Amino acid sequence: QSPEALAWIRRGAGIDFLPALDALAAAYRTGQFGLEVDLEQAAVILAKTNKMRGIKPKEDPKKSLLYRMLKDDKENKESEAGKKPARRAW
């Protein structure tokens with residue numbers, strides 16, 4: 001959870017080290033290491049790691065069920081905090 005850990009993860013991601021890319025994508029999905037939750041950035045990184053692993057995309061990452069579920073979860077958390085009403089994207 002330290003800034004130093006995030007710096008090392010970013011450094012590893014910068015040289016396309018798969019475990020670092022996975023960790024960075026997870027951090028963007030969850031807000032770990034003090035990052036803002038950014039599902040689009042997480043989806044971009046995940047698409048890159050999948051390509052590196054030879055996994056072909058089935059569809060646009062923003063249309064995937066996982067992306068919509070994560071976005072829905074984020075919106076529900078915001079609604080619990082009184083920011084806006086909850087809705088389901090899937």
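Not measured: the values here are computed from a predicted model. FYI, side chains are in, hydrogens and waters are out, and symmetry mates aren't considered; it's all heavy atoms of this structure.
Remark: Leu24 CG to Lys48 NZ distance equals 10.0 Å, nearest 0.5 Å. If you take CD on Gln41 and CG on Leu35, they are separated by 9.5 Å, rounding to the nearest 0.5 Å. Taking CG of Asp22 as the reference point, atom CG of Leu46 lies at 8.0 Å (rounded to 0.5 Å). The line from CD1 of Ile45 to CG of Asn50 is 12.0 Å long, rounded to the nearest 0.5 Å.
Nearest heavy-atom pair, Ala27 versus Phe33, reported as atom, atom and distance to 0.1 Å: CB-CD1, 3.8 Å. Counting all heavy atoms, side chain and backbone alike, Ala20 lies closest to Gly12 at CB-C, 3.6 Å.
Ile55 and Phe17 fall into different hydrophobic clusters, defined by Ile, Leu, Val, Met, Phe, Trp and Tyr side-chain heavy atoms under 4.5 Å apart, directly or through other members. Cluster annotation: Met52 and Tyr28 are assigned to the same hydrophobic cluster (Ile/Leu/Val/Met/Phe/Trp/Tyr, side-chain heavy-atom contacts under 4.5 Å, transitive).
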